[in-house]
Visitor: 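Here it is, the structure, as structure tokens.
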Amino acid sequence: MTVGSQLKQTIVSLKGIQGTAKIYATQAQHEEARQAFSQASDKLEQILSDLEGRLQTLEFEEPQYKG
């Protein structure tokens with residue numbers, strides 16, 4: 001598995017985790033749990049933004065990873 005495909009797979013997995021955290025944030029009964037899931041979702045958004053930027057850089061510098 002190439003670096004590019006591993007990075008893409010990681011991004012897809014993290015998007016799924018972020019979606020789950022958002023659902024838990026809306027369904028949690030305790031305020032502390034809501035805040036924790038909401039904060040986790042926000043942090044994942046930052047991480048995803050960084051990884052997607054790295055993927056764009058990788059695809060630009062190494063065109064064989066594009067796709």
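Owing to the predicted nature of the structure, the values given are computational and were not obtained by experimental measurement.
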Visitor: Side chains of residues 22-31: which donor-acceptor partners sit under 3.5 Å, not counting sequence neighbours?
Guide:
{"unit_1": "T26", "atom_1": "OG1", "unit_2": "I23", "atom_2": "O", "d": "2.8"}
{"unit_1": "E31", "atom_1": "OE1", "unit_2": "R34", "atom_2": "NH1", "d": "3.0"}
{"unit_1": "E31", "atom_1": "OE2", "unit_2": "Q35", "atom_2": "NE2", "d": "3.4"}

Visitor: Holding to side-chain hydrogen bond (donor to acceptor under 3.5 Å, both in side chains), I want the full list of residues that pass it with E52, two or more places apart in sequence or in another chain.
Guide: K15

Visitor: Mind jotting down which residue pairs meet the salt bridge (Lys or Arg N to Asp or Glu O under 4.0 Å) criterion with at least one end in residues 42-51? Sequence neighbours excluded, please.
Guide: D50-R54

Visitor: Check whether any side-chain heavy atom of Q18 lies under 4.5 Å from a side-chain heavy atom of L14, and answer yes or no.
Guide: no

Visitor: In this structure, would F37 and L44 fall into the same cluster of hydrophobic residues linked by side-chain contacts under 4.5 Å?
Guide: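 F37 does not cluster with L44.
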
Visitor: Write down the atom of L51, the atom of L7, and the distance for their closest heavy-atom approach.
Guide: CD2-CD1, 3.8 Å

Visitor: Working to the nearest 0.5 angstrom, can you tell me the gap between T10 OG1 and L55 CG?
Guide: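 Result: 10.5 Å between the selected atoms.
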
